[in-house]
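See below for the structure under consideration.
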Amino acid sequence: MGEFDLIRRFFQRPATPGAGIHAAPGVALGVGDDAALLAPAPGMHLAISSDMLVQGRHFFADVDPAALGHKALAVNLSDMAATGARPLAFTLALALPQADEAWLTAFSAGLFALADAHDCALVGGDTTQGPLNLCITIFGEVPAGQALTRAGARPGDDLWVSGALGDARLALLAMQGHIHLPPAALAAARQRLERPTPRVALGLALRGIATSAIDLSDGLAGDVGHLLHASGAGAVLYAQDAMNLVASWAEPMGLKPLFDDEARLRHVLAGGDDYELLFTAPAAARAAVQAAARASATPITRIGHIDATPGLRLRNAHGQEGPLPPVASFDHFKT
Ligand code: ADP
Ligand code: MG
């Protein structure tokens, strides 16, 4: 199978209504020409984000290819969610060691299942032989002036997070042999590591309500830090509420011994790869935030507030404030 057969068979889809590139809103020309053409609606800004996944760095060599297809797009959709942008289209740059049909079939099925669920069309890319490596660039649209950024948090705002945190880190620790998980718990944690759910509907519902947002890829402590840095503010994190973000399945599954309060807190603060949304909104907008969560069927938790004192502090169950326990947030180039 040559390069062009491969593209045609696995990445170029017929223009069937509902499934094809030409049916997608905002796409004027898709795969097969020298460039794709996007047509964002008038008054819209184009939101653009790229994420690269490298074997050995972001996934294991034996990863389920369908899950890899899902995750490669999911992490990009998550960036659209954090921007409050509606996904339109994406490109896929792919380096493959060989053209393995079974692998490509599963990979493209995982990729397109998630793409179709979000009406996001594959409009182009590049394919080359080489060590397994993939990069997706995604394009979305957001009304000019309404994008959520990291920079809008203000003193007095509440700090909110969607879903549960720490599952992906749990799966990673187990797969690296650092901890042992019962099979059902490992399966649940792996599902969250390998098939994260991008919170696109929540991001859209938070337009005009949230003052800032970021998606959680590097760990809560680190990503809150990015948001505070961009906003020029500080924050107080409620220890008990943050701890409770560890998925509820963990304890029934017999994981309690892993998690005394201190370990549990550090786990939540350090855990990366969750792809939940962290966002701020004025305290006066609590009802609107709750309504956005309900409308998007996304669980959310209030875990702190923004204030003017620089840095991130922790408030314990007795209302005392103190420093965070030291946790390493993810950084590719940190030694
Ligand atoms: P060019 O030589 O102009 O760079 P290519 O020969 O690399 O174009 O690709 C041919 C067409 O196939 C282009 O429209 C390109 O966007 C598309 N394409 C290549 N690889 C992929 C891929 N992995 N997924 C989707 N489209 C792809
Ligand atoms: Mg090319």
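Every value quoted in this text rests on a predicted model; they were computed, and no experiment measured them. In what follows, residues are counted from 1 in the order of the sequence shown. Atoms within each ligand, like the ligands themselves, are counted from 1 in listed order.
- In this structure, L73 CG and I138 CD1 are separated by 5.5 Å, a value rounded to the nearest 0.5 Å.
- With ligand atoms numbered from 1 in the order given, ligand 1 contributes 22 (C), 23 (N), 24 (N) to contacts under 4.0 Å with heavy atoms of L92.
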For L245 and V161, what are the C-alpha separation, side-chain angles and deciding distance, and is it a side-chain contact (heavy atoms from CB on, under 4.5 Å)?
CA-CA 9 Å; L245 292 170; V161 67; 3.5 Å; yes

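- A donor-acceptor pair under 3.5 Å links the side-chain atoms of D223 to the main chain of S217, judged by distance alone.
- Looking at T127, its side chain never comes within 3.5 Å of a backbone N or O of E3 through a donor-acceptor pair.
- Taking any N or O of F4, backbone or side chain, none lies under 3.5 Å from an N or O belonging to ligand 1.
- For atom 13 (C) of ligand 1, the choice among D33, V31, L29 with the nearest heavy atom turns out to be D33.
- Set against the non-hydrogen atoms of D34, the atoms of ligand 1 under 4.0 Å away are 3 (O).
- Each of the atoms 23 (N), 24 (N), 25 (C) of ligand 1 lies under 4.0 Å from some heavy atom of F11.
- Of all the atoms in ligand 1, the ones that sit under 4.0 Å from a non-hydrogen atom of D126 are 7 (O), 19 (C), 20 (N), 21 (C), 23 (N).
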Could you walk me through whether S231 and I306 pass the side-chain contact (heavy atoms from CB on, under 4.5 Å) check?
CA-CA 10 Å; S231 292; I306 303 296; over 6 Å; no

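- F11 and F107 have perpendicular rings, their planes meeting at more than 60° on a 0 to 90° scale where under 30° would count as parallel.
- When heavy-atom distances to ligand 1 are checked against a 4.0 Å cut-off, T127 comes that close through both its backbone and its side chain.
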